[in-house]
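For reference, the structure discussed in these notes is given below.
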Amino acid sequence: MPLKISLACERYDRAAAIFDGRVAIEGCALTSVALHAEEAFHRAFNGAEFDVTELSASSYMMTLARGEAPYIAVPAFVSKCFRHSSIYIRSDRGIKSPQDLVGKKIGMPEYQMTACLYARGILEDEYGVRPRDIRWFTGGQEEPGRRERAPLTVAEGVSITPIADDKTLSALLDAGELDGIISARVPSCYRVNPAVVRLFENYREVERAYFRKTRIFPIMHLIGIRKSLLEQNPWLAVSVYKAFLAAKELAVAELRDPGVNFATLPWVYQEVLDAEELFAGDYWSYGVEPNRATIEAMARYSYTQGLARRLLSPEELFHPGTLELSKL
């Protein structure tokens, strides 16, 4: 009898083949639910509702380091994104460079949010701006009442203030009560209020240079499997990982077809060729070894920023069966 399991994940192109049945999870009968990542995270860390789920990399590291993670991850990185583009500022506050953020009031939906983890790490590594140099404010970006999805610890000297339950970060930025926002999603006041701009409007150029220098392509989200289910079915980790690998490979093959635009963009094939040139081939790699520099950086950020209680190694972040797959 197949093992009945549930899956919660965004319906990315790189996961679509699992949702539509072109790729099966070996040994399993799957019920899949397409959820926005934020909802999947909330339900994962407040009830572990799904057997297999998309996870925030930052929240996972934080809970794993203190022995409270309800899931064990596999190195299928369904969301990656450079984060220089995620820093939005008021242009009327004298902010011309990252160093000008010192002493400013900057909002973020959650301090533990992976996009914000990387942005703080980049600001410190590349520009010398430490988390304690900024006054942080947390809360819902577009809807009031958002709070941290898991209990939070931070480094000494860091100031974090939750905004009022009836306020939103975007509205506060729009009104000039915040000097900036760091967020994975574009605030609604951007391009509406001319005073709200990106810190790096030339972010694509900056992010390409950052990757050439560091070889870091920031990992945002992982795939996790409920720990209690894996204890009973240790084979499941590799089956899930193989399925996500196969689904990603199908998505990349479609994008690489020069005769058919599978994405609704005019120059998809040229974008693929540009990405392959920058990344020397596999521009959306899964697995620990191709992503070691990125994994080590995010684990270091989590530890030095006080989120994770100890420095995690890349190997202990993932189920051991997925560290190296068999080869023919």
Side-chain angles (χ1 to χ4, degrees), residues 5-10 35-80 83 108-121 131 136 138-139 146-156 158 160 162 182 184 218-232 234 236-237 240-241 244 288 291 294-323:
I5 64 171
S6 57
L7 164 69
C9 184
E10 292 264 17
L35 291 180
H36 287 308
E38 290 89 345
E39 182 176 355
F41 302 161
H42 178 80
R43 294 169 73 172
F45 292 103
N46 291 275
E49 294 182 23
F50 296 94
D51 298 318
V52 181
T53 186
E54 187 172 355
L55 292 176
S56 156
S58 177
S59 298
Y60 173 66
M61 290 187 294
M62 187 174 68
T63 55
L64 183 69
R66 58 183 183 228
E68 298 173 358
Y71 292 91
I72 297 176
V74 300
F77 307 124
V78 291
S79 178
K80 299 184 179 186
R83 286 308 180 194
M108 51 182 55
E110 296 182 44
Y111 193 83
Q112 69 187 273
M113 188 176 183
T114 312
C116 301
L117 174 82
Y118 276 103
R120 293 190 301 266
W136 303 104
T138 59
R146 182 169 176 174
R147 291 294 177 256
E148 300 286 341
R149 67 179 65 98
L152 187 68
T153 60
V154 298
E156 185 177 354
V158 173
I160 304 174
I182 299 176
I219 293 164
M220 297 292 114
H221 306 164
L222 319 166
I223 293 297
I225 306 169
R226 193 202 310 271
K227 188 181 297 184
S228 58
L229 186 62
L230 271 174
E231 290 170 353
Q232 299 172 4
L236 183 59
V240 168
Y241 181 42
F244 274 90
V288 170
N291 294 281
T294 300
I295 297 167
E296 289 177 344
M298 74 177 187
R300 174 170 57 85
Y301 295 157
S302 186
Y303 177 63
T304 59
Q305 292 176 27
L307 297 171
R309 291 179 178 176
R310 60 186 180 85
L311 181 61
L312 296 161
S313 70
E315 286 74 17
E316 64 185 307
L317 286 173
F318 305 102
H319 188 280
T322 63
L323 298 178

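If you read the sequence from its start, that first residue is 1, and numbering goes on from there.
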Can any side-chain N or O of [X] pair as donor or acceptor with the backbone N or O of [Y] at less than 3.5 Å?
| X | Y | answer |
| --- | --- | --- |
| Tyr111 | Leu307 | no |
| Tyr118 | Ile219 | yes |
| Asp51 | Ser6 | yes |
| Arg226 | Ala48 | yes |

Distance check, rounded to the nearest 0.5 Å: [X] atom [atom1] versus [Y] atom [atom2]?
| X | Y | atom1 | atom2 | value |
| --- | --- | --- | --- | --- |
| Leu311 | Glu296 | CG | CD | 9.0 Å |
| Met298 | Tyr301 | CE | OH | 11.5 Å |
| Thr53 | Phe45 | OG1 | CZ | 8.5 Å |
| Gln305 | Arg300 | CD | CZ | 9.5 Å |
| Glu110 | Arg147 | CD | CZ | 10.0 Å |
| Ile5 | Leu229 | CD1 | CG | 7.0 Å |

Nearest heavy-atom neighbours spanning [X] and [Y]:
| X | Y | value |
| --- | --- | --- |
| Ala73 | Leu222 | CB-CD1, 3.9 Å |
| Met62 | Pro151 | CE-O, 3.3 Å |
| Tyr60 | Leu55 | CD1-CD1, 4.0 Å |
| Thr294 | Pro218 | CG2-CA, 3.9 Å |
| Pro314 | Val288 | CB-CG1, 4.0 Å |
| Thr322 | His319 | OG1-O, 2.7 Å |

- Query: Are any non-hydrogen side-chain atoms of Trp136 and Val154 less than 4.5 angstrom apart?
  - Reply: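 Contact flag for Trp136/Val154 side chains = no.
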Less than 4.5 Å apart, any side-chain heavy atom of Phe77 and any of Ile295?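 Heavy-atom side-chain distance check passes, below 4.5 Å.
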Pairing residues for Arg310 by the salt bridge (charged side-chain N to carboxylate O under 4.0 Å, His left out) criterion, not counting sequence neighbours: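 Arg310 satisfies salt bridge (charged side-chain N to carboxylate O under 4.0 Å, His left out) with Glu316 once adjacent residues are dropped.
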- Task: Could you pull out all residues at least two apart from Glu54 that satisfy salt bridge (charged side-chain N to carboxylate O under 4.0 Å, His left out)?
- Result: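 Counting only residues at least two positions away or on another chain, Glu54 forms no salt bridge (charged side-chain N to carboxylate O under 4.0 Å, His left out).
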Next on the checklist: If the test is side chain to side chain contact (heavy atoms under 4.5 Å, CB included), which one of Met220, Arg149, Met113 qualifies with Ser56?
Outcome noted: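 The passing option is Arg149.
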task: Check the pair Val78 / Glu10 against side-chain contact (heavy atoms from CB on, under 4.5 Å), numbers first and verdict last.
output: CA-CA 9 Å; Val78 291; Glu10 292 264 17; over 6 Å; no
Assess, by modelled atom type and distance only, whether the side chains of Gln112 and Ser58 contain a donor and an acceptor separated by less than 3.5 Å.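 No, because no side-chain N or O of Gln112 sits under 3.5 Å from a partner of the opposite role on Ser58.
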Partner of Glu39 under side-chain hydrogen bond (donor to acceptor under 3.5 Å, both in side chains), chosen from Arg43, His36, His42 |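 That would be Arg43.
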ask   = Would Thr63 and Tyr71 count as a side-chain contact (heavy atoms from CB on, under 4.5 Å) if you check the C-alpha gap in whole Å, the side-chain angles of each, and the deciding distance to 0.1 Å?
value = CA-CA 10 Å; Thr63 55; Tyr71 292 91; over 6 Å; no
* How far apart are the C-alpha atoms of Thr138 and Met108, what are their side-chain angles, what is the distance that settles it, and do they pass the side-chain contact (heavy atoms from CB on, under 4.5 Å) test? -> CA-CA 5 Å; Thr138 59; Met108 51 182 55; 4.1 Å; yes
As a quick check of understanding, evaluate side-chain contact (heavy atoms from CB on, under 4.5 Å) for Tyr303 and Leu312, giving each step before the final call.
CA-CA 8 Å; Tyr303 177 63; Leu312 296 161; over 6 Å; no
Can you pull out every salt bridge (charged side-chain N to carboxylate O under 4.0 Å, His left out) where at least one residue sits in residues 67-76? Sequence neighbours excluded, please.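 Matches after skipping sequence neighbours: Arg66-Glu68.
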